[in-house]
Every structure is written in C-alpha cells, then in structure tokens.
S.K.: 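Below: one structure in structure tokens.
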Number of protein chains: 2
Amino acid sequence: MTEVRRAGARRRPRQSDIARMAGVSQATVSLILRGTPAGMALARETRQRVLRAAEELGYVPDPVATRLASASNAMLGLYTFSTTFPTDVAHSYYPILVGVEEEAAAQGQDLILFTGSARAAARADDPAAVRRVRAADGCLFFGRHVPEEPIRRLAEDGFPFVYIGRRDEPGIPYVGADYVSASAQVVARLAALGHRELRYLREHDEAPASADREEGVVRGARASGIDPSRLVVCTDGSDLDDLLRRWLDEGVTAVVVEQTDTGAALDGLGAAVDRAGLRCPRDLSLALLGASTGTRGHAPGGGAAYGGFDVPMRAMGRDAVRLLLELIAGAHGEPPRRLLPCEPVEGGTVAAPRTRDT
Amino acid sequence: MTEVRRAGARRRPRQSDIARMAGVSQATVSLILRGTPAGMALARETRQRVLRAAEELGYVPDPVATRLASASNAMLGLYTFSTTFPTDVAHSYYPILVGVEEEAAAQGQDLILFTGSARAAARADDPAAVRRVRAADGCLFFGRHVPEEPIRRLAEDGFPFVYIGRRDEPGIPYVGADYVSASAQVVARLAALGHRELRYLREHDEAPASADREEGVVRGARASGIDPSRLVVCTDGSDLDDLLRRWLDEGVTAVVVEQTDTGAALDGLGAAVDRAGLRCPRDLSLALLGASTGTRGHAPGGGAAYGGFDVPMRAMGRDAVRLLLELIAGAHGEPPRRLLPCEPVEGGTVAAPRTRDT
DNA sequence: CCGCCGTGCTAATGCGCATTAGTTGATGAC
DNA sequence: GTCATCAACTAATGCGCATTAGCACGGCGG
C-alpha cells in the first residue's frame with residue numbers, strides 16, 4: 001500500500017532533521033543538544049543555529065533510542081514478586097510506592113512499574129522475565145520471596161538494583177527495616193507492663209522479614225527473663241479458635257502478631273478473637289509487628305488501633321531510590337545496605353494484664 | 001592476588017550469540033524466536049537447535065532494542081498534569097492508579113509513570129516535555145488542567161492516548177464520569193427530602209469536571225422547581241465563615257460541595273461548619289459531589305460519611321487502559337469517548353431539613 | 001536442457017541516538 | 001617555507017533487534 005500520512009501529520013522530528021535545517025551533521029546536533037564539553041566548545045553561532053532549529057521543530061529526544069545508544073534514560077524500574085498493587089495488598093504496600101514515587105519525582109526520574117511483566121512471569125513461572133527490567137537505568141525490587149537465580153544474574157551483569165527489604169544473600173544492596181530491634185522492643189514493653197506469658201504468632205511462610213521478627217521477639221523475651229520455649233507459633237491463618245482457647249488456658253495475656261502482605265495471621269487471629277467474644281486489651285493484649293501508618297489497623301472487639309511498631313515504608317522507598325541513583329552514578333565499593341529504625345506505636349490494644357482474680 | 005574480576009561475568013546473551021551457537025544467522029534467530037510465520041516455516045530441526053541454544057544461554061530479548069526496531073514494547077504511559085501522587089492528593093487519585101495498574105497488569109502491559117518528567121516540566125514550565133511519553137506505546141493523561149498545545153501535537157502525530165476525565169476539545173479520546181446526571185440526581189434527592197433552599201459550593205478554578213457538576217446541579221434544581229439564581233457559589237476555600245452564616249440566615253438547609261483534587265472547597269467548608277458548631281445533618285445537610293469510595297469522607301461535626309455520589313475512578317482507570325490498547329492496536333474511526341455512571345451514595349450527612357420552628 | 005517454483009536460509013538495512021576517530025582549514029612557531 | 005597545533009566539525013560505527021529483498025539449491029514439468 002502506498003502509505004500516505006495524514007496531511008498535517010509531520011513525522012516526529014529527529015536529530016537528522018535538525019541537522020539538515022541547521023546545515024550541520026547529525027553528530028554535531030547530538031553533541032550540542034547533549035551539552036557535552038565537546039558540544040560546548042563548538043562555535044557559538046553554530047550552537048545557536050542548532051538550538052533554534054531544535055526549538056522550532058519541537059524536538060524531544062527519543063528515550064528509547066537514547067537508552068539503546070547506551071546512555072541513561074532517567075527511568076527507574078519497580079518490580080515486585082507477588083502481585084503488586086492488587087486491591088487486597090494495595091494498602092500494605094502503597095506507602096512504598098508513594099515513597100518511591102516521591103523521591104523519584106524529586107530527582108526528575110520516571111518510574112516503570114513492571115507489573116505486567118511480573119504478572120506474566122508469575123503465571124508462566126518464568127523467572128527469566130525479570131530481565132525485562134533492563135529497560136530502565138536501574139531497578140527496585142520488593143516482595144517477600146525472590147527467585148534468586150535471575151537476580152544473581154542481573155548482579156553479575158552489573159545491572160544496578162536495590163532491594164526494598166532486608167536480604168540474606170550477600171552482595172545484594174538493600175534498604176530494610178530493623179525488625180529485630182523493633183520486635184524486641186515490643187516484647188520488652190509488654191514484659192514491662194507485667195505480661196509474663198505471651199505468644200508470637202507468625203505465618204508459616206519463610207521470609208527474612210518473618211525470621212527477623214521472630215529473632216527480635218525471642219531476643220526481647222530472653223532479655224526480660226521470659227522463657228522463649230513456647231513463644232513462637234506458626235499458623236496458616238486457620239484453626240485459630242482452638243489455639244486461642246488453649247492459650248487462654250495456659251494463662252497467656254498477650255499475643256504478638258506479624259504483619260505480612262497477605263495479613264493472614266492477623267486477620268485469622270482477629271476473627272478468632274471476635275468469635276471468642278474477647279476484647280482487647282481487656283481480655284488480651286495484642287501487638288502488631290509492622291502495621292503501616294494509617295492503613296488497616298483497627299483491632300477486633302472494640303476497634304482500637306493496634307499497638308506495636310510501624311514500618312517506615314515510605315522512608316524505605318525514598319532511601320531506596322537514593323541508593324539506586326548512587327549505584328547508577330557508579331558509586332562503587334561495598335554494596336550499600338541500610339536498615340531503618342521502626343517507630344514504636346502506642347496502641348489501644350496493649351495494656352497491663354488483668355489481675356488473674358477479678 | 002591479582003584476581004580476575006568476576007570470572008563468570010558473561011555478557012548478557014544476544015541473538016548473535018545464539019546464532020553462532022546454533023550455526024545460523026542472527027536474522028534466523030530473530031525469526032524463530034519471534035514465532036513469525038516465516039520463522040515457523042523454517043526446518044523443524046533448525047528451529048529446535050535455535051530454541052535449545054536460546055534456552056541454554058538464558059536469552060531474554062532486550063526490550064529497548066525491541067522497541068527501537070519495532071515500535072512496540074508493551075509499555076503504557078501515565079502522565080498527569082498537576083503533581084501526581086504527592087501525599088495530600090494521593091488518596092483522591094489513587095483509585096485511578098489502581099484501576100490502571102490492574103487492567104494493565106491483566107493485559108500484560110507495564111506502566112511508565114511519568115512523574116519525574118511531569119514535575120520537571122511543571123517546574124521549568126516546559127509544556128513540550130510531555131513528548132517524553134513517546135517512550136511508551138501509548139499514554140493515559142489525567143489532571144484537571146491540560147496544556148493544549150503539546151497534546152494536540154501528539155494527536156497530530158498519531159500518537160495513541162486516552163484522557164481520563166471528560167474533555168471539551170474535539171478529537172480527544174477520553175473516559176470520563178457522568179457528573180451531570182449524578183449531580184442532578186443528588187439535588188433531586190435533596191429536594192425530595194424537602195430542601196428548598198440550597199447552595200452549590202464550587203471552586204473558582206475552571207475545569208470540565210467543575211463545569212459538569214454545576215450544570216448538573218442547576219439542571220437538578222430546575223427539575224425540582226428550585227430557583228437556581230442564588231444556587232451556585234464559588235470559593236477559594238477561605239472566608240467561608242461569613243458565607244455560612246449568611247446562608248443560614250437565608251434559610252439554607254443543604255449545601256452541595258464539589259470534590260476536587262485539592263479538596264479546597266470541601267475542607268474549607270468542613271472547617272467552617274466545625275467552627276460554627278454545627279452538626280450534619282441535624283443543622284445542615286451536606287452532599288459531596290465526587291468523593292471516592294473509602295477515601296477521606298468523614299464529615300465535620302460527627303464523622304458520618306458524606307452523602308452524594310462516588311466517582312468510579314477505578315473503573316475509569318480500567319476502561320482507559322482498554323481503550324488505549326484498542327487505539328494502539330489500530331482501531332480507527334471516531335475517537336472513542338465514554339462516560340461512566342456515578343454511584344449514588346447514601347451518607348449520614350444528608351437528611352430531611354429540621355422543621356423551622358421547634 | 002531450460003525455465004520455474006518452491007524451500008530454507010542469509011545479507012543488508014534501518015530504528016534514533018552517542019561516541020570516537022578522524023578531516024579540514026587556519027594560525028602560529030621556528 | 002615547513003610543520004605542529006588547534007578550532008570546528010564530520011564520517012563512521014555500534015547499540016540489539018526486526019524486517020525485507022534476495023540467494024542457493026533441488027525438484028519438476030516441458
């Protein structure tokens with residue numbers, strides 16, 4: 001077919017168009033527009049001709065071509081393992097996105113959300129698809145679980161990325177939260193209030209975030225002279241009624257729950273508490289390890305806000321962007337790793353235990 | 001010792017590597033991997049050699065190069081006029097992002113958030129920067145105000161885009177909400193409850209979204225036999241105390257407020273109502289034109305949820321993505337435009353007016 | 001024995017830009 | 001008058017892939 005463009009539809013201008021218009025070569029245009037030393041050294045008159053032509057044509061560089069020609073394109077990637085922003089998870093991760101977006105925007109960077117790729121990869125069980133992130137200058141990762149192989153390869157190739165959340169694997173740059181200290185502190189507070197028999201409810205699921213909380217809880221218990229032997233309990237979120245009843249029989253006065261992206265443990269326990277007709281903190285103190293500010297967070301049997309600590313997700317997002325930009329800029333040396341402190345939260349679900357006898 | 005850095009740091013494989021390994025040309029590799037008719041027609045044995053080599057090398061196509069060569073890379077852009085996701089606005093636009101993200105992910109598309117560009121453009125007052133969106137296959141726009149020029153140019157160039165929100169300019173594809181009908185309905189409901197003297201408080205700021213609400217309110221008033229002459233009032237969010245007092249003197253029993261991204265009118269009025277010690281709906285009915293489900297929405301003097309209607313932001317986001325994909329696929333003809341209905345919301349701030357004498 | 005038509009593949013080119021190795025003409029040093 | 005120097009540019013190449021024109025070869029009809 002004889003391809004005829006619509007009458008007024010000028011093709012988008014390229015450097016060669018500018019070059020022709022200004023009577024120079026495409027290379028010259030590139031040099032001048034990029035403002036390289038070489039470009040600045042050119043004759044003032046030439047530069048102005050080129051700049052004027054560019055202006056007149058409404059030239060804007062093609063970010064894709066720019067990137068291919070191995071420069072940066074001012075785009076950062078955000079890739080998540082586990083479906084990213086689906087409704088039910090939305091609230092728990094949203095602050096990260098906000099932080100990332102905020103800092104990225106402040107730094108003039110655009111953001112590529114690799115959610116389409118991520119979902120496709122998850123469906124097809126194709127871990128290699130992660131490599132699509134190369135479209136960006138660098139990438140942020142998050143999610144409880146990571147397919148190690150493809151990430152390691154990215155690292156080997158020298159592709160800049162930062163993980164949001166602590167990682168065990170050596171050599172991976174990350175920005176995490178100090179769950180260990182924060183969790184220990186929560187337990188210490190409970191102990192100080194007089195709780196001697198308590199439990200930590202976590203999900204079965206293995207992830208550094210869970211492991212850290214557990215370590216912190218155990219450490220906090222030990223420090224307060226509490227026997228950690230029956231402390232840690234795993235759940236998949238079901239059958240919590242029995243568990244709860246048993247705990248009460250054992251004299252448990254406080255339960256510490258981990259907050260995850262699914263919120264299975266928390267939701268399950270909350271429902272069980274409701275069904276048992278208990279009220280917090282009257283009948284039971286409840287502390288949450290990791291609720292994020294302003295999201296969810298209203299406890300069963302009353303609706304008070306959970307006590308525990310907040311994860312500085314937003315700050316993590318911001319820091320991660322900064323680190324990533326440093327990496328992209330070529331800051332070498334040790335892979336940067338950072339742990340942010342978590343803010344303790346005084347919540348209405350935590351109080352001194354009732355005296356055993358009315 | 002002078003070790004060799006990263007001995008295993010193979011360069012990321014390209015098609016030419018596969019080609020060498022399989023003893024064919026790069027072109028052949030491309031044909032086969034893309035699964036084109038031509039590729040499928042090749043000798044079965046050759047195909048398998050190539051596929052095996054690709055597998056073995058862990059090949060993944062470079063999206064940037066793909067895009068440069070073929071003008072399609074499964075990425076949609078999202079560009080906003082007015083700072084996008086800044087904290088205070090975050091909640092009011094978040095549902096759009098969710099909807100867009102949701103549908104994009106479902107369609108296997110990645111998302112480029114042009115927030116860095118947008119902010120830079122706003123700061124430098126450089127409307128041409130919008131063109132950066134060309135990095136994507138197509139783009140979604142939203143925001144109350146639009147710089148017309150650059151958008152028109154994109155349209156002229158045949159770049160596919162969809163606006164989220166109704167637009168007056170002809171030829172611009174959009175997905176909007178039917179504010180006119182919804183607003184009229186809100187007024188009709190108030191009238192049916194017995195309100196005869198009411199006001200519509202809008203922001204001074206001109207935008208189709210505001211104009212539509214106003215039109216609906218006026219239309220609704222007329223239909224209910226209410227004189228619209230003193231109905232519409234503009235505000236910049238300040239000095240509302242006087243205004244409120246005057247209204248009460250005039251016998252106003254209900255106020256309708258528009259919801260915008262800044263929320264200036266609503267916040268101002270809410271504060272004034274609080275300061276006047278009024279309670280809704282006891283002393284005054286308050287309807288909100290356009291609160292989004294689950295965000296903000298707790299009225300002054302009591303904390304009931306606002307009555308009014310909801311903007312189906314999420315659905316708009318989803319629809320916009322679908323439309324955009326159709327455009328990209330080359331569906332021609334009339335520029336697609338769609339108006340979604342808004343869901344009426346029964347809120348605690350709307351009730352029948354108190355009898356004048358008690 | 002020639003032309004013709006597949007089959008199976010490759011060479012060549014372009015996408016839009018960045019970058020490097022020059023080329024050219026003018027100037028100054030000796 | 002010769003050569004090094006420098007200013008001001010340009011030619012050429014590559015980034016990794018998609019795409020098209022076309023080549024080599026073999027079989028088949030006439």
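Quick note: numbers below take in every heavy atom, side chains included, and nothing from hydrogens, waters or symmetry partners. The chains referred to below are lettered A, B, ... by the order of the sequence lines, with proteins before strands, and numbering in each begins at 1.
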S.K.: Quick one: side-chain hydrogen bond (donor to acceptor under 3.5 Å, both in side chains) partners of A:Arg49, sequence neighbours excluded?
M.R.: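 If we apply the side-chain hydrogen bond (donor to acceptor under 3.5 Å, both in side chains) test to A:Arg49, skipping adjacent residues, the hits are A:Glu45.
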S.K.: For the residue pair B:Glu101 / A:Thr115, report whether a side-chain donor-acceptor contact shorter than 3.5 Å exists.
M.R.: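 Judged by distance alone, the side chains do pair up.
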S.K.: Who passes ring-ring contact (aromatic ring centres under 6.0 Å, His included) against B:Phe141, sequence neighbours left out?
M.R.: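 Here the qualifying residues are B:Tyr79, B:Phe81, B:Phe161.
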S.K.: Figure out the CD/P separation between B:Gln15 and D:dT19, and round it to whole Å.
M.R.: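 Distance, rounded to whole Å: 11 Å.
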S.K.: Counting any heavy atom closer than 4.0 Å, what does B:Ala38 reach on the DNA or RNA strands: base, sugar-phosphate only, or nothing?
M.R.: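 Answer is nothing: B:Ala38 stays at 4.0 Å or more from every strand.
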S.K.: I'd like to know if A:Asp319 and A:Arg338 make a salt bridge, using a cut-off of under 4.0 Å between side-chain N and carboxylate O.
M.R.: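 Result for this pair is yes, salt bridge flagged.
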S.K.: Can you give me the bend angle of the helix from C:dC1-D:dG30 to C:dC30-D:dG1? Use the axis through the first five pairs and the one through the last five, nearest 10 degrees.
M.R.: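 Roughly 70°, once rounded to the nearest ten degrees.
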S.K.: For a side chain to side chain contact (heavy atoms under 4.5 Å, CB included) check, start with the C-alpha distance between A:Leu76 and A:Leu325, then their side-chain angles and the critical distance, and finish with the verdict.
M.R.: CA-CA 9 Å; A:Leu76 305 183; A:Leu325 285 175; 4.2 Å; yes
S.K.: The criterion is salt bridge (Lys or Arg N to Asp or Glu O under 4.0 Å); which residues satisfy it with A:Arg20, sequence neighbours excluded?
M.R.: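 A:Arg20 satisfies salt bridge (Lys or Arg N to Asp or Glu O under 4.0 Å) with A:Asp17 once adjacent residues are dropped.
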S.K.: For A:Gln109 and A:Met75, which heavy atoms make the closest approach, and how far apart are they?
M.R.: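 It is OE1-N, 3.7 Å.
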S.K.: Specify the separation, in whole Å, of atom CD of A:Gln48 and atom P of D:dA8.
M.R.: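 Rounded to the whole Å, the gap is 14 Å.
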S.K.: Could you tell me whether the phosphate oxygens of C:dC9, OP1 or OP2, come under 4.0 Å of any side-chain nitrogen or oxygen in B:Thr46?
M.R.: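 B:Thr46 to C:dC9 OP1/OP2: side-chain N or O found under 4.0 Å.
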S.K.: May I have the distance from A:Ile32 (atom CD1) to D:dC9 (atom C1'), rounded to whole angstrom?
M.R.: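 About 10 Å, once rounded to whole Å.
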S.K.: Can a side chain N or O of A:Arg34 be found less than 4.0 Å away from OP1 or OP2 on C:dA18?
M.R.: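 So the side-chain polar atoms of A:Arg34 do come within 4.0 Å of the phosphate oxygens OP1 or OP2 of C:dA18, strictly under.
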S.K.: For A:Arg44 and D:dC9, what is the distance between atoms CZ and P respectively, to the nearest whole Å?
M.R.: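 Taking CZ of A:Arg44 and P of D:dC9, I get 13 Å after rounding.
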S.K.: Would you mind reading off the distance between A:Arg47 atom CZ and D:dC9 atom P, rounded to a whole angstrom?
M.R.: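 The answer, rounded to whole Å, is 11 Å.
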S.K.: Does A:Asp137 pair with A:Arg67 as a salt bridge, N-O distance under 4.0 Å?
M.R.: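 Looking at A:Asp137 and A:Arg67, the cut-off is met.
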S.K.: Within this structure, what is the CZ-to-C1' distance between A:Arg67 and D:dC17, rounded to whole angstrom?
M.R.: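 Between C1' of D:dC17 and CZ of A:Arg67: 15 Å.
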S.K.: Sugar-phosphate atoms are those with a prime plus P, OP1 and OP2; base atoms are the rest. Using that split, label each nucleotide of nucleotides 10-15 of chain C B, S or - for protein heavy atoms under 4.0 Å, 5' to 3'.
M.R.: BB--BB
S.K.: For residues 165-172 of chain A, which side-chain donor-acceptor pairs fall under 3.5 Å, sequence neighbours excluded?
M.R.:
{"unit_1": "A:Arg166", "atom_1": "NE", "unit_2": "A:Asp212", "atom_2": "OD1", "d": "3.4"}
{"unit_1": "A:Arg166", "atom_1": "NE", "unit_2": "A:Asp212", "atom_2": "OD2", "d": "2.6"}
{"unit_1": "A:Arg166", "atom_1": "NH1", "unit_2": "A:Asp168", "atom_2": "OD1", "d": "3.0"}
{"unit_1": "A:Arg166", "atom_1": "NH2", "unit_2": "A:Asp168", "atom_2": "OD1", "d": "3.1"}
{"unit_1": "A:Arg166", "atom_1": "NH2", "unit_2": "A:Asp212", "atom_2": "OD1", "d": "2.8"}
{"unit_1": "A:Arg167", "atom_1": "NH2", "unit_2": "A:Arg144", "atom_2": "O", "d": "3.0"}

S.K.: Measure CG/A:Asp17 against C1'/C:dC17 and give the value in whole Å, please.
M.R.: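 In whole Å, C:dC17 C1' and A:Asp17 CG are 13 Å from each other.
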